[in-house]
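Have a look at the structure below, then the notes.
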Amino acid sequence: MTTKGGQHLVLDHYLEVLAGKPGALRGATALVHARQRGWFTATHDAFWAAARAKHGDQAGTRLLIEVLLLHRRMSHAHVLAGIRVTLEAGSVSPDVVAIEARKHAATAGDTTTIESPRPQRSRSKVVSLPERRRDPDLPTDSRPAPSVAAYDQLLSNTPRKGNAS
């Protein structure tokens, strides 16, 4: 229910910003609202505490944010089940949470996942084309290197500055 002058903050709307400034999560008003509404549970808190104990405050909070982002694609109950199993295994990996949440969904007969509206950003580094071509797992590329020689002809036909036409 919305009231005049009231606030309704959704933690999910702030996750990308908080990933860049993880220290802001602890005092975020959106987190308080999420706790009050039962969306951010004791299970989330347990994961957050374990992640911070293992990786420090910033890195641990970023791991929690990755787990919170799973709620966009999976049901709340499945993600919570994935967190519980992951913690029981002694891990704080968001990837393990995702795998366990999918297992829980499959066991429950729920094969639907919400597709992410945006592609996930890759964490891999940028690789140059010459470096990529040296990758032994890729087939050799027999094409010649690109050339702009054909476009040089266009430059000779353009009027130069200072020339009157």
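- Closest non-hydrogen pair, Val92 versus Pro94, comes out as O-CD, 3.4 Å.
- Not counting sequence neighbours, the partners of Val85 by the side-chain contact (heavy atoms from CB on, under 4.5 Å) test are Glu100.
- Side-chain contact between Asp12 and Leu15 is present, with at least one heavy-atom pair separated by less than 4.5 Å.
- The line from CG of Leu70 to CD1 of Ile65 is 12.5 Å long, rounded to the nearest 0.5 Å.
- Residues that satisfy the side chain to side chain donor-acceptor pair (under 3.5 Å) test with His104, not counting sequence neighbours, are His78.
- If you chain together hydrophobic residues whose side chains sit under 4.5 Å apart, Leu11 and Leu69 fall into the same group.
- Considering only heavy atoms from C-beta on, Phe40 comes within 4.5 Å of Asp45 through its side chain.
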Output side-chain donor-acceptor pairs under 3.5 Å for residues 47-57, partner residues at least two apart or in another chain, one line each.
{"from": "Trp48", "atom 1": "NE1", "to": "Thr61", "atom 2": "OG1", "distance (Å)": "2.9"}
{"from": "Arg52", "atom 1": "NE", "to": "Trp48", "atom 2": "O", "distance (Å)": "3.4"}

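- Scanning both residues, Gly20 and Arg62, for their nearest heavy atoms gives O-NH2, 3.9 Å.
- The shortest distance between side-chain heavy atoms of Leu25 and Leu64 falls below 4.5 Å.
- By the side chain to side chain donor-acceptor pair (under 3.5 Å) test, Arg26 is found to be paired with no residue, residues two or more places apart in sequence or in another chain being considered.
- Under the side-chain contact (heavy atoms from CB on, under 4.5 Å) criterion, Thr43 pairs with Thr41, Leu80, Ile83, Arg84, sequence neighbours left out.
- The NE2 atom of His44 lies 10.5 Å from the CG atom of Leu31; values are rounded to the nearest 0.5 Å.
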